Asker: 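Have a look at this one before I ask anything.
All values reported here derive from a predicted model rather than from experimental measurement. Heavy atoms only: backbone and side chains are in, while hydrogens, waters and symmetry mates are out. In this chain, numbering begins with 1 at the start of the sequence shown.
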Amino acid sequence: MERIKAQAVMEAILFTMGESVEISKLADVIEEDVKTTKAILEEMAQRYEQEDRGIVLTQFDTAVQLCTKADMYEYLIKIAKAPRKMTLTDTVLETLSIIAYKQPVTRVEIERVRGVSCDHAINKLLEYELITELGRLDAPGRPLLFGTTEQFLRCFGVKSLEELPEMNPVQLEEFKQQAEEEIQLQLDI
């Protein structure tokens with residue numbers, strides 16, 4: 001493999017892994033011996049330094065890792081402290097509503113109300129820290145129980161679950177109808 005291509009391959013691997021990778025494994029991938037691989041890595045490290053890039057190649061005894069330069073940390077902190085924007089689709093909001101009103105609730109109970117799979121919605125709600133796992137139901141299979149978090153209360157401007165509005169029977173029927181439409185769309189596909 002030509003040197004430029006070998007550098008690109010190793011850079012892609014190191015970037016994707018995000019942790020140290022054994023030099024011998026990199027050598028296997030680029031089909032070179034360890035000594036040649038180390039030389040190519042050294043060229044990469046020098047290039048990063050000469051080009052004043054935001055990354056460095058950190059070499060350990062038998063491994064190497066692509067890292068952020070120390071003088072870039074102040075910029076990373078600015079972005080890391082920036083609030084994450086939540087996108088709550090109708091499906092995610094419906095799932096959150098079911099959890100808020102019926103908690104603690106299992107995935108199966110949520111899917112029974114919605115009429116469709118809710119894996120993606122639950123994962124998003126967990127990622128946004130709007131719901132949490134409350135434990136397991138004492139039933140066959142010991143399914144997880146979900147409930148809302150303090151973050152949920154903050155986001156929706158309520159101090160407790162008692163402050164949530166009463167569930168409107170008309171709205172409940174609309175949820176059921178939307179769920180049935182989703183099922184029909186999935187069956188049509």
Asker: Inspect the surroundings of CE in Met17 and state if more than 12 heavy atoms from other residues, nucleotides or ligands are less than 6.0 Å away.
Answerer: no

Asker: So Leu130 and Val92, do their side chains get closer than 4.5 Å, heavy atoms only?
Answerer: no

Asker: How would you list, by chain and number, every residue that makes a ring pair (Phe, Tyr, Trp, His ring centres under 6.0 Å) with Phe152, sequence neighbours excluded?
Answerer: Phe156

Asker: Report yes if the side chains of Val9 and Lys5 come closer than 4.5 Å at any heavy-atom pair, otherwise no.
Answerer: yes

Asker: Show the numbers, then the answer: is there a side-chain hydrogen bond (donor to acceptor under 3.5 Å, both in side chains) between Glu162 and Ser160?
Answerer: CA-CA 5 Å; Glu162 286 76 36; Ser160 72; 3.1 Å; yes

Asker: Any link between Leu161 and Leu96 through a network of hydrophobic side chains (Ile, Leu, Val, Met, Phe, Trp, Tyr) touching at under 4.5 Å?
Answerer: yes

Asker: Would you say the side chain of Met10 lies within less than 4.5 Å of the side chain of Thr37, judging by non-hydrogen atoms?
Answerer: yes

Asker: Just do the side chain to side chain contact (heavy atoms under 4.5 Å, CB included) check on Val64 and Thr58 with the steps written out, would you?
Answerer: CA-CA 6 Å; Val64 65; Thr58 304; over 6 Å; no

Asker: Answer yes when Glu42 and Lys38 have at least one side-chain N-carboxylate O distance shorter than 4.0 Å, and no when they do not.
Answerer: no

Asker: With a 6.0 Å cut-off (strictly less than), is the heavy-atom count around CG of Asp138, excluding the residue itself, greater than 12?
Answerer: no

Asker: So do Val108 and Pro143 actually touch side chain to side chain, heavy atoms under 4.5 Å?
Answerer: no

Asker: Measure from the side-chain N and O atoms of Thr149 to the backbone N and O of Thr132, and report whether any donor-acceptor pair falls under 3.5 Å.
Answerer: no

Asker: For Arg136, check side-chain contact (heavy atoms from CB on, under 4.5 Å) against everything at least two apart and list the hits.
Answerer: Arg142, Leu144

Asker: Mind checking whether Ile13 and Lys25 have side chains closer than 4.5 Å, heavy atoms only?
Answerer: no

Asker: What I'd like to find out is whether the side chain of Ile131 reaches to under 4.5 Å of the side chain of Thr95, using heavy atoms alone.
Answerer: no

Asker: Do Arg53 and Arg47 have side chains that approach each other closer than 4.5 Å (heavy atoms only, starting at C-beta)?
Answerer: yes

Asker: Check whether Leu76 and Val56 end up in the same hydrophobic cluster, where Ile, Leu, Val, Met, Phe, Trp and Tyr are linked by side-chain heavy atoms less than 4.5 Å apart.
Answerer: no

Asker: With a 4.5 Å heavy-atom cut-off, do Phe60 and Gln65 have their side chains touching?
Answerer: yes

Asker: Using a 3.5 Å distance criterion without hydrogens, assess whether the side chain of Glu94 forms a donor-acceptor pair with backbone atoms of Arg114.
Answerer: no

Asker: Is any NZ, NE, NH1 or NH2 atom of the basic residue among Glu43 and Arg3 found under 4.0 Å from an Asp or Glu carboxylate oxygen of the other?
Answerer: yes

Asker: Yes or no on salt bridge (Lys or Arg N to Asp or Glu O under 4.0 Å) for Arg112 and Glu109, after CA distance, side-chain angles and deciding distance?
Answerer: CA-CA 5 Å; Arg112 191 175 298 132; Glu109 290 173 301; 5.2 Å; no

Asker: If you count heavy atoms of other groups shown closer than 6.0 angstrom to CD of Glu150, is the number above 12?
Answerer: no

Asker: Return the OG to CG distance between Ser24 and Asp33, rounded to the nearest 0.5 Å.
Answerer: 12.0 Å

